[in-house]
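To start, the structure under review is shown below, and the notes come after it.
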Amino acid sequence: QVQLVESGGGLVQAGGSLRIACAAPERTFSTYAMAWFRQAPGKEREFVAAITRSGDTTLYADSAKGRFTISRDNAENTVYLQMNSLKPEDTAVYYCAATPHFGIYTNPNEYVYWGQGTQVTASS
């Protein structure tokens, strides 16, 4: 069982920036591909960004391209999502997810472990 703990959510004005983090007190963190998903009220959970085990490859939803950056620090067992130019439509609960599968995935069904989520609100 891998426990994922998100932090860094909050309220920002539209156009602002926020960095959220996901920590895993897990020595094998580097063996998991990671991703961020989000879910707004009344909507399905959607893919935001993903990163491979080594961090050499990243993938973004169209809505995140050019504004969000996913990164990881395997020495600190942490994955980050830097969000710039936030829009009100980015408001959602953001979840990090981990999978032991090799590769990079946008499908939430590929991910085995999930964090509890952190609320991000961009006010207009």
Side-chain angles (χ1 to χ4, degrees):
Q1 185 75 14
V2 175
Q3 291 188 328
L4 303 175
V5 181
E6 297 101 335
S7 62
L11 172 65
V12 295
Q13 288 190 332
S17 298
L18 203 61
R19 188 177 79 158
I20 56 178
C22 173
E26 176 69 38
R27 289 180 299 172
T28 58
F29 177 77
S30 63
T31 65
Y32 293 91
M34 303 294 295
W36 288 96
F37 290 80
R38 68 185 183 187
Q39 188 167 19
K43 295 188 177 181
E44 294 186 353
R45 190 169 298 190
E46 65 174 1
F47 168 76
V48 178
I51 190 166
T52 51
R53 296 173 177 181
S54 64
D56 60 351
T57 302
T58 57
L59 193 62
Y60 296 93
D62 287 344
S63 59
K65 287 179 182 177
R67 299 187 301 126
F68 294 4
T69 302
I70 187 171
S71 62
R72 68 188 296 162
D73 185 338
N74 285 342
E76 296 294 328
N77 295 342
T78 303
V79 62
Y80 302 96
L81 185 68
Q82 175 68 43
M83 302 180 287
N84 299 328
S85 302
L86 280 161
K87 304 174 182 179
E89 50 264 44
D90 294 318
T91 296
V93 177
Y94 283 70
Y95 298 90
C96 71
T99 178
H101 304 314
F102 184 80
I104 193 167
Y105 305 96
T106 63
N107 188 337
N109 294 329
E110 295 287 347
Y111 292 87
V112 178
Y113 304 107
W114 293 82
Q116 82 289 351
T118 186
Q119 177 70 46
V120 171
T121 303
S123 63
S124 57

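From a predicted model like this one, the values you see are computed outputs, not experimental measurements.
Considering CG of D90 and OG1 of T121, their distance stands at 11.0 Å, rounded to 0.5 Å. K87 NZ to S63 OG: the interatomic distance, rounded to the nearest 0.5 Å, is 8.5 Å. The line from CD of Q13 to OG of S124 is 9.5 Å long, rounded to the nearest 0.5 Å. Annotation: the span from I70 atom CD1 to C96 atom SG amounts to 9.5 Å, rounded to 0.5 Å.
Around CD of Q3, the count of heavy atoms belonging to other residues, nucleotides or ligands within 6.0 Å does not exceed 12.
Of all the heavy atoms in A33 and G103, the pair that sits closest is CB-O, 3.5 Å. Minimum heavy-atom separation, V93 to G117: CG1-CA, 3.8 Å. Across all non-hydrogen atoms, the minimal contact from A92 to Q39 is CB-O, 3.4 Å. Of all heavy-atom pairs spanning T99 and Y111, the tightest one is CG2-CE2, 3.6 Å.
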List the steps, then state whether side-chain contact (heavy atoms from CB on, under 4.5 Å) holds for V2 with Y32. CA-CA 10 Å; V2 175; Y32 293 91; 3.3 Å; yes

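Salt bridge present: D62 and K65 bring a charged side-chain N and a carboxylate O closer than 4.0 Å.
Considering only heavy atoms from C-beta on, R67 stays 4.5 Å or farther from M83 through its side chain. No side-chain heavy atom of Y94 sits less than 4.5 Å from a side-chain heavy atom of Q119. Taking 4.5 Å as the limit, every side-chain heavy atom of V48 sits out of range of all side-chain heavy atoms of Y60. For the pair F102 and T52, the minimum side-chain heavy-atom distance is 4.5 Å or more. Contact annotation: the side chain of L18 approaches that of L86 to within less than 4.5 Å [non-hydrogen atoms, C-beta and beyond]. Between F29 and V79 there is a side-chain heavy-atom pair separated by less than 4.5 Å. V5 is not listed as a side-chain neighbour of C22, based on a closest heavy-atom distance of 4.5 Å or more. With a 4.5 Å cut-off on side-chain heavy atoms, S123 and L11 count as touching.
Screening residues 24-67 for disulfide bond (SG atoms under 2.5 Å apart), with sequence neighbours left out, gives no hits.
Side chains of D73 and T78: a donor-acceptor N/O pair is absent below 3.5 angstrom, by distance only. Side-chain contact of T91 with E89: a donor-acceptor pair under 3.5 Å is absent, judged by distance alone.
Hydrophobic clustering of Ile, Leu, Val, Met, Phe, Trp and Tyr side chains at less than 4.5 Å, counting indirect connections, unites V120 with V12. By the criterion of side-chain heavy atoms lying less than 4.5 angstrom apart, applied directly or through intervening Ile, Leu, Val, Met, Phe, Trp or Tyr residues, L59 is grouped together with Y105 in one hydrophobic cluster. In terms of hydrophobic clustering, with Ile, Leu, Val, Met, Phe, Trp and Tyr side chains grouped at heavy-atom distances under 4.5 Å, L4 and V112 are assigned to a common cluster. Both L81 and Y113 are members of a single hydrophobic cluster when ILVMFWY side chains are connected at heavy-atom separations under 4.5 Å.
Ring geometry for W114 versus F37: interplanar angle of 30 to 60°, hence tilted.
Relative to the ring axis of Y95, R38 does not place its NZ or CZ within 45° and under 6.0 Å from the centre.
Looking at residues two or more places apart in sequence or on another chain, you find a side chain to side chain contact (heavy atoms under 4.5 Å, CB included) between R19 and Y80, Q82.
In this structure, N74 contributes its side chain and R53 its backbone to a donor-acceptor pair below 3.5 Å.
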